[in-house]
Amino acid sequence: MKILDENFRLACNFRDLGGYSTVDNKRVKTGLLYRSCFLGWLNRDELRHLQNLGVKTVLDLRTSYEAYEDPDPIIDGIVNYRVSGMRDRNGEGVDFSPYGIHKMVIADDSDEETLHTHMAEIYRNMMFQNEGFMFILEMIKQGIEFPLLFHCATGKDRTGAIAVLLYLLLGVSKEDIMEDYLLSNKAYHTRIELALEQNRERIQQNPSLKRIVMMEAGVDEQMGREMLDGILERYPNYEEFFLEEYGIDADLHRHIKNIFLE
């Protein structure tokens, strides 16, 4: 199996979800679950890498209009699906790409505290009835072939939410979940630095704007923790959350762990 090089992993925010230890002293298997940015960013050789990795299914978490404008490339041997990784209260897919986040911020004339509260609510809501996560559960129930690669626009927000849900379900610690979530900032370090420099004067005048810039170019640690903490504000524990939100009972939970843990 040909392994992706470091430059590719950083450029596309690509990584294997495997390798993390769990609270019951097991480890997430490698080679079954991958995450990345929009596959249209990849060149021909990089797309061939995905075939070499054995990827069978690609799940696009972008909205229908995002995917219409820039569809995923067709790759021999890989089946493509698309479901929105974030919906608003009316059931419409939310464009959570950097451009989409920027539009939301520009359109919101609230004060910074209110805006941050609004953004926190959006991140929290990605944990509940997430269609991308439900799709993966259906793959498991129906025996659809893995490995799976899931992605959104930059592979950091909607993709990050799916990764958080998978890690929670498999028993990865909160500390490791946050470590993985923040790896997007390493992948997009150059872009983040450029965005911070471009907004340097505005941030100096209003330091709270740094969080907004980070949410556009990278990920914000507090927003990552909002996803984890928001669950426990509604449910007494994660087991109850997965049962009530996704119908994952003890038997299905064991089955899932048998597939993805070693």
Side-chain angles (χ1 to χ4, degrees), residues 9 13-30 32-36 61 85-86 96 101 116-134 136-137 140 148 150-152 154-189 192 210-211 214-215 218-250 252-262:
R9 289 196 293 270
N13 202 12
F14 180 97
R15 50 192 183 271
D16 187 327
L17 269 68
Y20 285 106
S21 299
T22 65
V23 293
D24 49 2
N25 296 316
K26 294 192 175 182
R27 185 174 296 274
V28 181
K29 292 179 183 177
T30 59
L32 290 178
L33 294 165
Y34 298 98
R35 56 180 289 180
S36 77
L61 300 168
M86 178 62 192
F96 224 55
I101 294 174
H116 289 158
T117 300
H118 172 65
M119 296 301 292
E121 181 182 3
I122 291 175
Y123 278 85
R124 287 175 179 232
N125 286 343
M126 283 194 284
M127 297 291 96
F128 303 96
Q129 295 295 303
N130 186 300
E131 292 187 12
F133 185 66
M134 289 191 281
I136 296 173
L137 290 179
I140 295 167
L148 163 75
F150 56 96
H151 74 86
C152 51
T154 53
K156 63 184 184 68
D157 297 303
R158 291 166 287 189
T159 297
I162 299 290
V164 167
L165 286 166
L166 287 167
Y167 283 140
L168 282 175
L169 183 61
L170 296 175
V172 176
S173 70
K174 287 185 180 182
E175 291 76 15
D176 284 341
I177 291 173
M178 283 305 303
E179 176 185 287
D180 184 81
Y181 182 73
L182 293 172
L183 285 176
S184 292
N185 288 341
K186 179 179 179 182
Y188 294 133
H189 173 75
I192 291 169
K210 182 176 181 179
R211 178 177 293 179
M214 287 295 298
M215 281 189 282
V219 294
D220 175 75
E221 180 174 357
Q222 181 58 38
M223 293 302 153
R225 296 195 182 279
E226 292 286 351
M227 291 193 288
L228 292 168
D229 296 341
I231 294 173
L232 298 182
E233 290 187 2
R234 296 195 197 182
Y235 292 94
N237 52 58
Y238 293 122
E239 290 76 17
E240 186 73 13
F241 159 74
F242 281 116
L243 177 62
E244 294 298 323
E245 290 288 329
Y246 298 105
I248 302 175
D249 59 17
L252 180 56
H253 199 177
R254 279 193 294 271
H255 176 60
I256 293 170
K257 285 186 173 183
N258 285 338
I259 293 174
F260 297 108
L261 298 182
E262 60 186 5

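Predicted model, so just to flag it, every value in this text is computed and none were measured.
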Would you compute the distance between atom [atom1] of [X] and atom [atom2] of [Y] and round it to the nearest 0.5 angstrom?
{"X": "Leu17", "Y": "Phe150", "atom1": "CG", "atom2": "CZ", "answer": "4.5 Å"}
{"X": "Ile259", "Y": "Leu32", "atom1": "CD1", "atom2": "CG", "answer": "9.0 Å"}
{"X": "Leu148", "Y": "Ile136", "atom1": "CG", "atom2": "CD1", "answer": "5.0 Å"}
{"X": "Thr159", "Y": "Leu61", "atom1": "OG1", "atom2": "CG", "answer": "5.0 Å"}
{"X": "Asp16", "Y": "Lys29", "atom1": "CG", "atom2": "NZ", "answer": "12.5 Å"}
{"X": "Ile256", "Y": "Ile248", "atom1": "CD1", "atom2": "CD1", "answer": "4.5 Å"}

Do the side chains of [Y] and [X] get nearer than 4.5 Å, heavy atoms only?
{"X": "Arg234", "Y": "Phe241", "value": "no"}
{"X": "Met214", "Y": "Ile192", "value": "yes"}
{"X": "Leu228", "Y": "Met178", "value": "yes"}
{"X": "Tyr123", "Y": "Asp157", "value": "yes"}
{"X": "Leu33", "Y": "Phe260", "value": "yes"}
{"X": "Leu232", "Y": "Asp229", "value": "no"}
{"X": "Phe242", "Y": "Leu165", "value": "yes"}

Problem set entry | Heavy-atom closest contact (Lys156 atom, Gly218 atom, distance) | NZ-O, 2.8 Å

Exercise. Run the side chain to side chain contact (heavy atoms under 4.5 Å, CB included) check on Val164 and Met127 step by step: do they pass?
Worked result: CA-CA 8 Å; Val164 167; Met127 297 291 96; 3.9 Å; yes

Kindly write out the residues that satisfy side chain to side chain donor-acceptor pair (under 3.5 Å) with [X], not counting sequence neighbours, or none if the list is empty.
{"X": "Glu262", "result": "none"}
{"X": "Asp180", "result": "Arg15, Tyr20, Arg35"}
{"X": "Lys26", "result": "none"}

For this session: Walk me through it: do Tyr181 and Glu221 pass the test side-chain hydrogen bond (donor to acceptor under 3.5 Å, both in side chains)?
Result: CA-CA 8 Å; Tyr181 182 73; Glu221 180 174 357; over 6 Å; no

Problem set entry | Over 12 foreign heavy atoms within 6.0 Å of NZ, Lys257 | yes

For this session: Answer yes when Glu233 and Arg124 have at least one side-chain N-carboxylate O distance shorter than 4.0 Å, and no when they do not.
Result: yes

For this session: Evaluate side chain to side chain contact (heavy atoms under 4.5 Å, CB included) for Tyr235 paired with Glu245, printing each intermediate quantity in order.
Result: CA-CA 10 Å; Tyr235 292 94; Glu245 290 288 329; 2.6 Å; yes

Problem set entry | For Tyr246, the option from Tyr238, Phe133, Phe128 that meets ring-ring contact (aromatic ring centres under 6.0 Å, His included) | Phe133

